[in-house]
Amino acid sequence: MNIGGIEQGVSLYGFDQRWVEDPDYTIEDCLDDVHELGVQRFELVGAVFFDRYPRPSVQEIDRVRAAADRRGLVPFSYGGYADVGRITGHEPVDEDYILDLTADLMTAVELGCHHLRAGAVPLHLLPLAAMLAEQYDVNVGIEVHAPSKPSDPDVQQMLAEFERIGSRRLGFVPDFGCFIERPAEPALARYLAAGADRRLLEFVIENRHSGMTEDEVFARVREQGGGQAERMAISDFFGFLSFGPADLDGFATLLPWTQYFHSKFYHVDAQLEDPTIPLEKLLGAIVASGFRGVLMSEYEGHAFHNGDALEQLRRHLLLERRILSGGSGR
Amino acid sequence: MNIGGIEQGVSLYGFDQRWVEDPDYTIEDCLDDVHELGVQRFELVGAVFFDRYPRPSVQEIDRVRAAADRRGLVPFSYGGYADVGRITGHEPVDEDYILDLTADLMTAVELGCHHLRAGAVPLHLLPLAAMLAEQYDVNVGIEVHAPSKPSDPDVQQMLAEFERIGSRRLGFVPDFGCFIERPAEPALARYLAAGADRRLLEFVIENRHSGMTEDEVFARVREQGGGQAERMAISDFFGFLSFGPADLDGFATLLPWTQYFHSKFYHVDAQLEDPTIPLEKLLGAIVASGFRGVLMSEYEGHAFHNGDALEQLRRHLLLERRILSGGSGR
Amino acid sequence: MTTTYLKLPYVDSVLRPGALRAVVLARGPVGFTLDIGLNYYRGLPLSTIERFELTVDGERIADHLLLFEHDRTLLPLSALAQAFTEFWSVKKPLRVRVYQGGLASGDHEVGVTLVLRSPYMRLGPGAWGMIDGSASRTLTLQEAE
Amino acid sequence: MTTTYLKLPYVDSVLRPGALRAVVLARGPVGFTLDIGLNYYRGLPLSTIERFELTVDGERIADHLLLFEHDRTLLPLSALAQAFTEFWSVKKPLRVRVYQGGLASGDHEVGVTLVLRSPYMRLGPGAWGMIDGSASRTLTLQEAE
Ligand SMILES: [Mn+2]
Ligand SMILES: [Mn+2]
């Protein structure tokens, strides 16, 4: 599915819930799901899908390749890590980052992937990463992932380093989870189920970035009759479920140095609406930049444990297509 | 081959040279050799023959069992170790010995062996070893191996402990390498090739236990015109190639608590003679004790690197048979 | 930076219904095995296990009785921290062998306290993201294999 | 108790004729692999490697360029001491990858200094039997696989 030079793909990470929970769900089943979604390109995350990591066995590699081939699918990108805390008590040094990058590049080559979503690479090792990318013929992408935002100083510093090095082998993999503007509906559903008041939840969402502290927000919620369910929401919203105004200007600066995108999402409703992430604006910027490449749908709603990855991915791909074809996202 | 209740077997350890040096020599080839030798029972040493140790893969176990079955062979004993120095910088504790004993017992069961030549077991863990032997239905044998001798205090202490515990699950595996009375001919051949004088080598052998120190023996050899080749022999004979009058009285004390024997040997000549080890006396003592069980031929001449394991084992089995059948060993 | 441990919603995969099984050797029952799944979205090296405790029917199993079995390799609790080349995949439960004499047949309340280090989430010198893989469940003892 | 290192007569198995091979990646040669056999009668855990040095044509290869590959697992020299669950079998050579830019085709004088701890030969506290697995040989660089 190629729309104006933009090709949709699916990250197998989206199938994580079933992968972890259902012993009978195999890599072949997983690729059947991808095939059913009508896309060709997929991303495989090594530490999720292989029994051995960072270096899977030859049998594991062969199995993925054979299953992809048989379904006409293309392993586009390989998801790596820098498990530099693997050795207990050892403070990571350059050698550790280089080792894991090398291992993942080797695996990417074996899988036939020309893109690696690399684990952490310290800034001063980026020139080496560019050289390795060239040698292995695998582009190295550094993910920009929540809670980071494109405008963050360290991201901009990396951008400057990409420009300085000047190798097209290096670039970003922006993850749209950076642009969450409000909690996904299934997240709210949990607080509601715990007895939270929807009106108060909306109050919290509106005031998350009004300058109030976590405690101040809770004080105001309490005044309005809120309790433990709302407190849980506040704690989450100020913590790992953080959100805020999307850093679209920052996003635009990454586009010239982007390898491909993780089109992260949590929930698309039956009307193909997702107020969580400003997908229309993001895709608009991508198209405007002249980017040609892959938009990898990455479902992360398994956090809500609804077992709905396949249906959610179907909706998300449809939503993207509608936007890219010029229809409205909403 | 059962002679008066004594059954001959072969330790695959004897094939070590070819096993290590010839990549094409497989476990099937090795068992072909055993089959050709006309014995049924064999001992397999895990750390030699498995790619993974202390716990070989299921595939490795199955391969040995299938190959043995197909040739009508019986895995009699499993050779284990206590690799308690596996973890760098760690001083072994009881847990380490128990772990490796347990691993080897599990493997012995999987192989179908009812005897384990265990790695080191500290004296105070022998009661536990007896219990484990009972639970796994695998007898635990402690090897008495050169440079130890049966009369050594620690061996006699273990014997006393066996008697105290009173379990027939525990016992010794006496290795006839304890009873080397003079160097094997291929050992002498090396010094001769290096320019040693046979007469002087015999002088050294005769005086190894005359009370002279290593330096004194060398001084006397030097007076008689000896040099570096003889010095090398003296160093070896006082070191890892040590020998001396066979401790036959000590051997007799082990017999009531012996699981089976490692009939270790280095060289049997074409006339079926081996002046290295007093095999006739050893087998005589075994028969006299009323022992019924397995005599495992264990070739160790690969130290001389002659690639002659199969022929040597053939001769050794013949020599044993001749002795056991009442013929003379010499 | 949060000090809260990550706890994912795959907690029912930690102790699956058939996870508890009797071990019977030549002379009868000797103990049990427990298969432990990872409540995480990806696999982790065994060396990242920072804390492990097992209780059965409210009684803590002594550490020296815990024998982990991973891909055939046997590891006492004390050796886990060094086992950095052993990868605990989300698809393959880690087996713990406990030879304490055997459990009565029927149901048992099993509790696992499990804390793992996230080897790619470095928060600072010696500080890593932490994963809570703990779970408890009533399990019916399965017959020996 | 002897301080001499055990050296077995399987020294020709350490560096076999085809052991040195060029590594070529997408943009050309990057280095070489060397397959190293064990001069011992049995296999040993990788953690028992106490000393390893490699020279090619008389030049020492820097330690940080040594990348060991065992059963697909990649290990820098510094990690070997902890790799106690990785068993180096006498039938399976240990591969070392050196990406130093590549070697000229033809013959090279390769020298390996290798000292291993014998994990079952405890001589006293912290003292173990030692195995000398060193070897040197002229090897002809094989074409990349
Ligand atoms: Mn992502
Ligand atoms: Mn022996």
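- The shortest side-chain heavy-atom distance between C/R42 and A/D83 falls under the 4.5 Å cut-off.
- With a 6.0 Å radius and a threshold of 12 heavy atoms from other residues, nucleotides or ligands, C/K7 has its NZ atom above the threshold.
- Most heavy-atom pairs under 4.5 Å with chain A, from the set C/A81, C/P45, C/G37: that is C/A81.
- Relative orientation of the C/Y10 and A/H305 rings is tilted, given thresholds of 30° and 60° on the angle between their planes.
- Contacts between A/A47 and chain C at a heavy-atom distance below 4.5 Å involve backbone atoms as well as side-chain atoms.
- Interface residue C/P9: backbone and side-chain heavy atoms are both found under 4.5 Å from chain A.
- Looking at C/L44, neither its backbone nor its side chain comes within 4.5 Å of chain A, counting heavy atoms on both sides.
- With a threshold of 4.5 angstrom between heavy atoms, A/D22 approaches chain C through N, CA, C or O but not through any side-chain atom.
- More than 12 heavy-atom neighbours from other residues, nucleotides or ligands sit within 6.0 angstrom of CZ on C/R27.
- Interface remark: A/R86 contributes backbone and side-chain atoms alike to the contact with chain C (heavy atom separation under 4.5 Å).
- Taking 4.5 Å as the limit, every side-chain heavy atom of A/D51 sits out of range of all side-chain heavy atoms of C/F87.
- Distance check, rounded to the nearest 0.5 Å: CZ of A/R55 to OG1 of C/T85 gives 14.5 Å.
- In this structure, CG on C/L8 lies 8.0 Å from CG on A/D16, to the nearest 0.5 angstrom.
- Interface summary for chain C: among A/G89, A/P92, A/G119, A/P147, the most heavy-atom pairs under 4.5 angstrom belong to A/P92.
- With respect to the salt-bridge test (charged N to carboxylate O, under 4.0 angstrom), the residues A/D96 and C/R122 do not qualify.
- Interface residue A/Y53: backbone and side-chain heavy atoms are both found under 4.5 Å from chain C.
- Scanning residues 89-103 of chain C against chain A with a 4.5 Å heavy-atom cutoff picks out C/S89, C/V90, C/K91, C/K92, ordered by number.
- The two atoms that bring A/V20 and C/R16 nearest to each other are O-NH2, 2.9 Å, heavy atoms only.
- Only the backbone of A/F50 comes within contact range of chain C, judged by heavy atoms closer than 4.5 Å.
- For A/E91, the part lying under 4.5 angstrom from a heavy atom of chain C is the side chain only.
- Using a distance-only test at 3.5 Å, with no hydrogens or angles considered, a donor-acceptor pair links the side chain of A/T88 to the main chain of C/S47.
- Atom OG of C/S13 sits about 13.0 Å away from atom CH2 of A/W19, to the nearest 0.5 Å.
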